[in-house]
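Worksheet: the structure to be examined is printed underneath.
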Amino acid sequence: MPTTISKKKVLKEWKLYLFILPSFLFIGLFAYYPALSAVYHSFFSWSGGDTKEFIGLDNFSRILGDTVFWGSFATISVLAIANVFKMIPSIFLAVLIHRLSSERWQYWYRVLVVLPMIVPSLVTLFIWKFFYDPNFGILNQFLDATGIKTLLVGLDHFFHWDIFFQNVPVAWLGESALVIPALILWGFPWIGSVSVLVFLVGLQSIGSQIYEAAELDGVSSFQKFLYIEFPLIMTQVRVTLVLLIIGTLQSYGLQFLLLGENGGPGGRGMVPGLWMFNRAFIAGEFGYACALGLCLFVIILLLTSLNNKYVRVDK
Amino acid sequence: MNSFDTPPSPGPKKNEWLSHLVIWAILAVELLPFYMMVQISQKDNLLFLENPWLPASPSSWVWENYAHAFRIVFPYVANSIVVAVAATVGCLLFSLMGAYFFARYKLPFSNILWAGFLTLMLMPAITNIVPLFVLLKQLHLLNSLYALIILGMAGGQIFCIYMLRNFIEEIPKDLFEAAEIDGASHWLQLTHIVIPMCGSILATLGILQFLSSWNDFLMPLVILRDPELYTIGVGLIYLDGEYVKHWGEIMAAFLLSSLPMIVLFLFSMKLFVRGLSQGFLKG
Amino acid sequence: MERIFNAIGLGLVALAFVASLGRVAYLNWNKAAEESTKYTHIRLAHWQLERGIRNAFDEAAREYEKLHPDVRISQIAIPDRVYTNWLTTQLLGGTAPDIVELGFGSSEDRLAKHFLSLTSLANRPNPYNKGTNLENIPLQNTFYDGMMGGFYPGLMEFYGITLTTNTIRMFVNLDLLKEITGSDSIPADYQELISVCEKTRRFAKKFSRPIIPIASSRYNAPYLMNRFFSSQTQKQTKKIGPPGDFPQNAARTVEAFVDNAWSLDSPDVRSGLELMRKIGREMQPGFMQGTRDDALFYFIQKRALMITTGSWDSSNISSLANFRYGIAPIPTPSKNDPEFGPYVLGTISEAATISGMGLGVTASSKHPETAKDFLLFLASKTGDQRFADTSKLLPAVMDTTPSQAAKPFQINEEGYPPGFNLVASSDWADTSRILNNSYFKLFSHGGNVQEFVDTIRPDFLTAYGTDLARMYSARKRASQRFDVKLAADIQLLSCPPPTNSPAERETKTREAKEKVDLVLSSLNGNDRSTYYLREVGEKLQNKLLSSPR
């Protein structure tokens with residue numbers, strides 16, 4: 001625990017404050033000042049220049065009627081829920097690796113799991129975009145080669161989607177109905193390098209005698225997962241989940257690069273962050289963008305506190 | 001699913017092959033982008049169209065792809081290295097100092113400062129991007145690499161201080177006390193006790209910080225104007241916007257821009273894996 | 001072991017850092033030295049990533065630097081996909097380059113706020129034309145179109161200086177054509193085009209080769225589709241008549257629609273849509289989702305017999321195609337066409353094409369005079385000639401000769417004006433959206449014209465109304481802007497600024513008077529067109545209210 005230094009002694013130890021000074025300056029200038037400035041400017045009509053006009057709560061009342069903004073929450077909710085399910089492969093892989101008997105293999109699999117991290121995320125992004133290319137992308141080639149395409153066309157006939165046709169390449173990012181499915185499929189098989197490692201750390205705390213006991217009781221492997229392994233990584237899962245949801249709510253880089261500043265065909269890929277970016281750096285409505293950001297902040301804060309209150313899992 | 005029934009115990013098990021198979025299958029799909037990048041980078045458009053899936057025979061490799069890609073990507077890589085290294089070192093240094101302050105002593109205002117720092121963890125970075133842009137404009141930092149370095153330093157600060165504080169607090173007090181008796185200053189204690197004791201967490205934070213700097217493209221896109229300043233993030237976006245796509249060249253450029261990380265990874269694989277695993281144990 | 005590896009890794013990072021830092025510092029130092037001492041640095045940003053055009057800008061820059069050794073000019077090419085965002089950011093951040101290509105992201109509002117008016121340049125002779133036959137002619141009149149591509153009617157000012165003219169042509173892979181039809185003759189009329197397309201499809205099927213007749217994309221298709229559609233509305237447009245000096249004939253089209261002079265069920269409109277469907281069926285499936293580079297890729301990789309695109313793609317195609325190709329005008333149906341002839345007046349003339357690729361000077365430029373001077377240099381007779389020769393584009397200045405490569409793109413002035421289109425320009429955003437969202441009904445395998453019309457019908461009139469209302473309010477705002485300007489100029493006229501020389505005072509007064517006259521006359525025109533927009537809008541509203549929905 002830190003040693004307490006009283007107010008009297010502090011004059012002698014004033015040098016210690018120098019240690020916090022750089023961090024304090026950085027955070028004050030590049031985190032607190034912009035945040036306060038955002039709050040301040042959300043009451044103005046402002047395009048980033050020296051002139052601004054106080055308009056009271058106009059920006060906020062505009063947000064209430066902003067169908068694009070609220071519509072974008074529908075999109076981001078779907079993506080966030082999908083992201084929760086996308087954790088399953090990581091958990092599955094971690095458990096698989098953990099149950100291996102060979103330490104050597106366990107190590108090398110960890111290395112392989114980490115490998116994708118060293119490819120710049122933009123490169124991964126562009127390669128996936130290339131996978132989705134209607135004419136040259138491997139996704140369509142895969143669907144054609146395996147006959148899944150025929151199945152989709154059949155389903156299309158049955159349900160009248162009007163999306164899939166024989167001999168017509170599927171435009172994954174060009175068809176408004178396919179934008180969200182494409183975003184969900186993105187990054188298959190959704191292995192998060194850090195998550196797998198974190199889950200593995202959690203799993204390591206299981207002693208081998210527990211397994212032996214389970215073995216004697218003839219517990220099936222799924223039960224073993226359910227009653228021994230999953231409870232132990234619950235904390236990690238919860239933390240990852242919270243970070244994931246907050247991260248998803250903030251994210252817009254993928255949508256921006258993939259679908260453009262307007263969220264792609266029919267605006268179906270519009271997420272709150274992108275709408276804020278769009279208002280600021282496309283329309284030049286900085287004041288309104290600040291108000292949007294503030295709303296987003298409040299919503300994220302609300303979610304975090306809700307999570308802390310109700311989803312708490314005892315260690 | 002037989003293989004699941006085997007508890008981990010020393011010694012080889014016969015029926016684990018299914019697990020291995022499943023793991024390999026998952027990893028294969030996971031690493032598919034990487035494979036595609038490498039094999040397409042060896043082909044020209046014609047070759048790629050004829051045979052999009054399998055690697056070309058080495059005799060038909062298009063080496064010009066790499067030469068061309070190198071010319072494009074090299075300046076971006078250089079800029080990115082400067083930004084990422086400087087931002088990482090700066091961030092680690094300052095947060096180490098900050099963490100030392102919080103972990104060792106309880107001074108007046110410590111609590112307020114700590115609370116102030118923690119609130120920021122809840123604040124989504126995205127709300128700041130607009131005023132941050134205006135601030136950089138007022139500081140005349142737009143269109144410069146300094147802006148990216150400074151933002152990189154400031155951005156990771158909170159998280160690093162938070163992580164490091166826990167680690168420093170767990171260093172045995174006797175070590176510090178002994179040093180103090182010898183008359184070591186705070187700075188000496190930091191460099192001679194804290195840094196050696198926090199090696200693995202520092203490495204982990206460093207790697208994460210480096211990666212986030214390396215991968216950033218939204219701030220560079222907004223900040224940088226001149227082509228000679230582009231970091232990998234912006235450079236690749238502009239490369240992707242070309243009207244005539246030479247997929248081989250593009251993939252070669254992608255490969256080259258991953259190369260620094262690959263080399264770094266090869267040499268510090270163990271640290272990478274162990275650091276990432278352990279770093280979160282205490283966090 | 002691990003320690004050693006870590007050390008090597010760390011060492012490599014340090015080494016790479018030092019090397020990179022050295023490089024960056026050196027570049028920075030060089031740049032700083034250049035900027036602080038001898039050079040005036042001018043930056044030019046555009047989205048013309050085509051190699052020929054980049055080279056042309058480079059060449060012009062080097063030539064200009066030879067004339068003015070104290071100036072350095074560099075270009076920044078930004079992909080069109082991020083151009084709007086990029087330009088907005090730079091303008092708001094005050095870091096915008098000195099010269100910027102106008103188009104994406106430069107709305108009238110932004111032009112007025114962040115760009116310098118070039119009207120006075122346009123009204124004066126170009127000094128770089130000295131010694132040529134254009135020596136004493138005001139800049140705008142040295143352009144064959146009066147430099148209308150750089151003129152913004154809503155602001156009544158010139159903000160851009162244009163360099164080229166673009167036309168749409170059909171590129172044909174002659175090697176493939178010979179293989180398919182046995183001859184090199186490019187289809188000259190619509191019937192031939194359709195028959196070649198049919199032959200291509202049969203050929204592709206027979207030899208199971210993946211060849212499509214026409215490569216297209218959501219970027220390329222509208223140009224072609226508009227051309228074909230407007231061939232069918234020629235006669236009707238002649239009847240409606242262009243409304244005098246009004247710049248946007250589109251409003252007249254809307255008025256005619258409101259007056260029931262034409263409708264979505266008129267035989268000519270139906271015929272135009274039928275024609276669009278026929279052409280669309282010859283393009284690769286799903287072309288409306290493809291991007292510009294997709295279409296180009298098909299053609300370059302010999303997977304398409306033809307591509308229809310603008311002259312801007314010419315340098316790309318010439319540098320990449322490893323086959324013989326021909327360039328020909330787009331063969332719209334002739335008067336004698338058995339199927340689509342009845343509504344055709346004749347060949348469509350391109351006389352109304354205006355010059356493009358306008359370059360503007362930003363208000364934040366540190367050296368606006370140098371930037372303007374460079375633009376004048378580019379827009380001079382020799383400058384534009386050189387630019388056109390290298391970029392293989394058509395020049396925009398009078399008395400220049402197009403390069404051999406640009407000959408096929410020369411404006412075809414003969415013929416008759418084109419008819420109206422359902423959407424005239426990008427100003428008609430809502431109408432465009434309605435159409436774009438429904439095009440798949442028109443072009444897809446299972447769709448047809450009737451289905452397309454039925455889909456757009458419910459919202460069509462409303463969309464016209466929304467667009468009209470938006471244009472009307474923009475015009476009104478522009479009028480109000482004029483009031484302020486007018487007041488300022490009159491002020492200047494009544495009390496000229498104090499100067500020492502009477503000659504200077506006289507020029508100032510004369511200039512102010514000219515400006516007032518110009519503003520008054522344009523205001524007059526603007527008011528008339530604004531009034532007309534309102535008239536049409538009111539009619540439309542009445543119709544909307546009376547029609548049962």
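Treat the numbers as computed from the prediction; the structure is a model and nothing was measured. The sequence lines fix the lettering, A, B, ..., with proteins before strands; numbering per chain opens at 1. Computation of the quantities below employed the complete heavy-atom set of this structure, encompassing side-chain atoms and omitting hydrogens, waters and symmetry-equivalent molecules.
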Q: Side chain from CB out, backbone as N, CA, C, O: work out which of these in A/L292 comes under 4.5 Å of a heavy atom of chain B, or both, or neither.
A: neither
Q: Over 60° means perpendicular and under 30° means parallel, so classify the ring planes of B/F101 and A/Y17, tilted if in between.
A: tilted
Q: Output yes when a side-chain donor or acceptor of A/Y32 lies under 3.5 Å from a complementary backbone atom of B/G116, and no otherwise.
A: yes
Q) Is the shortest heavy-atom distance from the side chain of B/V130 to the side chain of A/M276 under 4.5 Å? A) yes
Q) Under 4.5 Å between any side-chain heavy atoms of B/N215 and A/L122, yes or no? A) no
Q. Closest heavy-atom contact between B/G98 and A/I20?
A. CA-CD1, 3.7 Å
Q: Sort B/I161 into side chain, backbone, both or neither according to what part of it lies under 4.5 angstrom from a heavy atom of chain A.
A: side chain
Q.
With a 4.5 angstrom heavy-atom cut-off, is it the side chain or the backbone of A/F286 that approaches chain B, or both, or neither?
A. both
Q. Should B/N128 and A/F30 count as side-chain neighbours, where that means a heavy-atom distance under 4.5 Å?
A. no
Q) Between A/Y40, A/Y107, A/W128, A/F188, which has the largest tally of heavy atom pairs under 4.5 Å with chain B? A) A/Y107
Q: Using the six-membered ring wherever Trp is involved, compare the ring planes of A/W105 and B/W24 and label them parallel, tilted or perpendicular (cut-offs 30° and 60°).
A: perpendicular
Q. Once you round to the nearest 0.5 Å, how far does CZ of A/F281 lie from CD1 of B/I129?
A. 5.0 Å
(Q) Please classify the contact between B/I26 and chain A as side chain, backbone, both or neither, with a heavy-atom cut-off of under 4.5 Å. (A) both
Q | Derivation of the side chain to side chain contact (heavy atoms under 4.5 Å, CB included) call for B/H20 and A/Y109 | A | CA-CA 10 Å; B/H20 282 286; A/Y109 283 140; 2.7 Å; yes
Q: Could you tell me which of A/P120, A/C295, A/S193, A/A214 has the largest number of non-hydrogen atom pairs under 4.5 Å with chain B?
A: A/P120
Q: Below 4.5 Å from any heavy atom of chain B, which atoms of A/F256 appear? Answer side chain, backbone, both or neither.
A: side chain
(Q) Students often mix this up, so state it plainly: with edges at 30° and 60°, are the rings of A/F19 and B/W187 parallel, tilted or perpendicular? (A) tilted
Q) Going by heavy atoms in the side chains, are A/Y33 and B/L132 under 4.5 Å from each other? A) no
Q: Check for a donor-acceptor pair, side chain of B/E16 on one end and backbone N or O of A/S101 on the other, with a separation under 3.5 Å.
A: yes
Q. Is any side-chain heavy atom of A/L257 less than 4.5 Å from a side-chain heavy atom of B/F217?
A. yes
Q. Once you round to the nearest 0.5 Å, how far does CZ of B/F34 lie from CD1 of A/I127?
A. 9.0 Å
Q: Could you check if a side-chain atom of A/F92 sits within less than 4.5 angstrom of a side-chain atom of B/V22, using non-hydrogen atoms only?
A: yes
Q: Below 4.5 Å from any heavy atom of chain A, which atoms of B/L139 appear? Answer side chain, backbone, both or neither.
A: side chain
Q | Validation row, ring centre B/F48 to ring centre A/F130 under 6.0 Å | A | yes
Q.
To the nearest 0.5 Å, what is the distance between CD1 on A/I191 and CG on B/L27?
A. 7.5 Å
**Q.** Proximity breakdown for B/I207 and chain A, heavy-atom pairs closer than 4.5 Å
**A.** neither
Q: Identify which part of A/I138 has an atom lying under 4.5 Å from any heavy atom of chain B, answering side chain, backbone, both or neither.
A: both
Q | Close side-chain approach of A/S37 and B/V134, heavy atoms under 4.5 Å | A | no
Q: Answer yes if the ring centres of B/F117 and A/F24 are under 6.0 angstrom apart, and no otherwise.
A: no
**Q.** Side-chain heavy-atom pair B/E30, A/P116 within 4.5 angstrom cut-off
**A.** yes
